[in-house]
Amino acid sequence: MSLRGKDILGLQEMTPEEILLILDTAEGMKEISEREIKKVPTLRGKTIINLFHEPSTRTRTSFEIAGKRLSADVINISASGSSTVKGETIRDTAHNLEAMSPDVIVVRHSASGVPYLLAQALKTPIINAGDGAHEHPTQALLDLFTIREKRGMLQGLKVTIAGDIAHSRVARSNIFGMTKLGMEVTVAGPATMMPLHIEKLGVRVITNMDEAIAEADVIMMLRLQLERQHQSLFPSLREYSRLYGLNLERLKRAREDLLILHPGPINRGIEIAPEVADGPYSLILQQVSNGVAIRMALLYLVVEGK
Amino acid sequence: MSLRGKDILGLQEMTPEEILLILDTAEGMKEISEREIKKVPTLRGKTIINLFHEPSTRTRTSFEIAGKRLSADVINISASGSSTVKGETIRDTAHNLEAMSPDVIVVRHSASGVPYLLAQALKTPIINAGDGAHEHPTQALLDLFTIREKRGMLQGLKVTIAGDIAHSRVARSNIFGMTKLGMEVTVAGPATMMPLHIEKLGVRVITNMDEAIAEADVIMMLRLQLERQHQSLFPSLREYSRLYGLNLERLKRAREDLLILHPGPINRGIEIAPEVADGPYSLILQQVSNGVAIRMALLYLVVEGK
Amino acid sequence: MSLRGKDILGLQEMTPEEILLILDTAEGMKEISEREIKKVPTLRGKTIINLFHEPSTRTRTSFEIAGKRLSADVINISASGSSTVKGETIRDTAHNLEAMSPDVIVVRHSASGVPYLLAQALKTPIINAGDGAHEHPTQALLDLFTIREKRGMLQGLKVTIAGDIAHSRVARSNIFGMTKLGMEVTVAGPATMMPLHIEKLGVRVITNMDEAIAEADVIMMLRLQLERQHQSLFPSLREYSRLYGLNLERLKRAREDLLILHPGPINRGIEIAPEVADGPYSLILQQVSNGVAIRMALLYLVVEGK
């Protein structure tokens with residue numbers, strides 16, 4: 001079995017079978033990073049371009065490590081130092097990169113839809129590493145992988161995604177993936193951070209965090225993007241933290257075996273208390289480890305599936 | 001046969017035989033990027049340093065991919081993040097890099113002559129990746145390669161180079177190379193963008209673009225460097241585009257099998273209309289592909305020729 | 001024999017035996033960079049992360065080259081483009097990087113103590129590539145290597161370290177290492193640049209430069225960090241240069257076989273005259289060459305010693 005299209009753009013257009021194929025492939029990949037010699041020749045002689053138009057340590061590094069462990073050549077391009085300063089369109093940049101015969105281009109961009117645009121314009125496979133507030137499929141896939149690894153299955157699990165739902169590509173990708181795999185998704189957050197008609201995506205909306213946490217098997221805390229202007233969305237960071245942050249007090253209302261996820265980077269003391277982030281139920285660092293495995297799987301499936 | 005000197009500084013000092021050696025070598029290299037496994041062990045254990053003191057996506061990426069496809073280790077150094085912020089001279093920086101035993105240093109710099117300075121100061125081979133308004137030899141070599149690939153020969157072909165000739169290192173390098181290989185070169189552009197005594201380089205000057213295009217076998221449109229102040233050189237972008245841009249209307253006056261080149265990044269709708277850039281006579285993306293092959297050839301000749 | 005701890009944090013906590021082990025290991029490594037094929041498979045399948053929160057050409061490049069000559073995968077992360085812009089703590093960044101299974105993290109940071117913090121927080125070996133005004137152990141090790149290579153031994157040699165001792169991590173690391181290996185260390189510089197109680201580190205203090213140079217076997221000139229505010233520390237650059245710079249006139253008072261070191265980047269004409277920096281007694285470029293060998297040795301010892 002293989003993926004239907006040449007690209008990884010979002011979970012919205014993936015079938016449940018495709019998602020499971022990726023998770024299964026990642027299981028085999030994970031073991032490679034645990035070996036003494038963390039390298040296989042699978043993608044030797046292949047060229048991966050990381051085209052990052054937004055800063056990112058973890059995602060860029062994760063893709064770079066994933067590519068190198070598969071023996072590919074990895075080329076990093078960041079927006080600064082690129083032709084964008086010369087006014088070239090992203091589409092022309094991509095066409096130019098394609099002319100150098102890469103096997104896959106990994107794209108992060110602050111504008112929603114850029115990876116889709118490039119996927120249509122190019123024959124080269126595109127992997128979306130996050131586009132605006134739209135999708136972040138590799139994050140959602142590693143989240144699903146992490147939950148399945150811990151629980152053994154996904155179907156029927158109750159998940160609460162909490163925070164600024166309206167601006168979160170992580171939330172969107174997870175909602176698509178989780179509902180497709182039969183999970184029950186609740187979104188929690190201030191009404192000002194909740195997109196209109198979000199229920200149409202098949203999720204339940206709760207604005208009371210204590211209530212939202214009570215029945216959840218999994219809670220995914222979203223990063224409060226402090227770089228955005230949030231003044232109009234809630235009164236203060238302290239107020240946000242009190243009402244929507246995950247702390248030890250609030251955890252008392254949760255199931256005993258609750259799983260806690262966060263896509264990182266975390267804001268300690270804002271959406272998540274340090275004791276919770278570093279506590280026994282937190283899977284935050286396992287998510288990062290699994291991210292390498294998921295990206296190895298995607299690079300492999302996309303390049304070898306050509 | 002091999003190159004006479006240790007460096008690739010400009011086409012001004014190359015012999016026709018050297019230019020043809022590079023083009024012939026690049027032909028063998030081009031095929032490597034079309035293989036399933038795009039990698040040969042030719043430069044395994046060699047170290048290439050990309051020292052870029054000007055932003056550049058395509059040239060830096062092209063050199064990096066070229067080096068990696070030859071199995072070399074490639075080290076990127078950009079001006080930001082370098083010792084230049086600490087006030088070190090470029091010459092001292094280069095001496096320090098040489099002390100780490102690289103096999104070649106690829107240099108781009110905004111000041112004309114820097115690669116020459118370094119070539120004299122160092123034993124390490126230097127490849128000029130563009131210096132000020134002086135030379136951009138790897139670009140000219142890939143242009144020559146692209147034309148020869150399409151026409152089968154170069155001698156006797158009529159080429160028009162159009163745009164801001166005075167500030168273009170691409171134009172200069174091409175004029176040197178093309179005249180050496182027996183091509184007939186015409187330069188076209190506003191009088192304000194034409195260097196004094198340019199005829200002494202063996203080219204014909206025309207300021208009327210329609211006339212310049214009529215007999216050409218090849219037209220090379222130069223990028224209008226919008227980042228420069230051009231106010232004093234022509235009235236407006238619109239005026240420039242009308243008088244010197246390449247559009248479908250103007251193309252009607254051209255030979256039917258005209259080849260269109262542009263070093264990129266292009267300004268759509270300014271020096272070249274989108275329909276022309278993306279049209280059937282445009283070789284813009286082939287130029288980029290061939291750039292990898294040319295750079296592989298140069299890295300090979302310079303490193304193995306030591 | 002192997003190193004006692006998992007990390008390379010500073011020379012303050014190293015034993016003389018450990019220092020000598022590193023120097024001896026580097027001797028074997030140096031030869032690799034002199035081969036036709038400068039690459040050995042020692043660290044194939046290992047992942048090295050260069051986490052640089054301060055700009056640095058030479059140290060980052062040196063580590064990158066060292067890692068690649070040992071066949072490791074090297075990942076560069078600089079402060080710009082990293083999660084620091086999103087407010088993540090350096091400790092959380094490091095935990096996240098550790099989750100991607102690197103074999104060693106090389107850290108440079110403007111704040112003293114950061115490598116120690118990370119070494120305690122992580123299981124991954126940490127190599128300090130310079131932290132604030134605290135330590136720069138790999139620089140001191142390459143200095144020791146360079147002196148020993150030239151003199152055949154270290155014990156009993158008289159060394160003068162001259163310049164801004166108070167703000168120099170290079171001076172501190174060298175003082176620790178040199179005194180441990182039985183060298184006699186003198187520090188010279190303006191009283192305003194001399195740390196209080198520096199004698200307690202086992203060094204002699206001299207403020208007259210002519211006197212300081214007279215008996216020295218080795219003089220190490222420190223870089224005057226022009227990016228700092230030095231107005232309060234001395235009247236003018238010219239005055240500093242006259243009183244503490246190393247020039248041909250002053251060299252006349254020195255022993256005939258004096259060795260001259262400088263960690264670079266040098267300020268020509270300020271702390272060192274161009275004729276001296278480029279002269280026959282200068283070991284500045286040998287230091288850079290030996291830096292690659294020292295870093296290969298450290299990467300090897302730290303990764304294989306796990």
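- Ring centers of C/His109 and C/Phe52: at least 6.0 Å apart, outside the cut-off.
- With respect to A/Ile127, the side chain to side chain contact (heavy atoms under 4.5 Å, CB included) criterion is satisfied by exactly one of A/Val104, A/Ile48, A/Asn50: A/Val104.
- A salt bridge does not link C/Glu271 to C/Arg223: none of the charged side-chain nitrogens sits closer than 4.0 Å to a carboxylate oxygen.
- For C/Asp92, the part lying under 4.5 angstrom from a heavy atom of chain A is the side chain only.
- Looking at C/Leu43, there are no atoms closer than 4.5 Å to chain A (heavy atoms on both sides), in backbone or side chain.
- Judged by the 6.0 Å and 45° rule, C/Arg295 forms a cation-pi pair with C/Phe63.
- Most heavy-atom pairs under 4.5 Å with chain C: of the set A/Gln286, A/Arg268, A/Arg69, A/Gln287, this distinction falls to A/Arg69.
- Contact annotation for A/Arg35: neither backbone nor side-chain heavy atoms come within less than 4.5 Å of a heavy atom of chain C.
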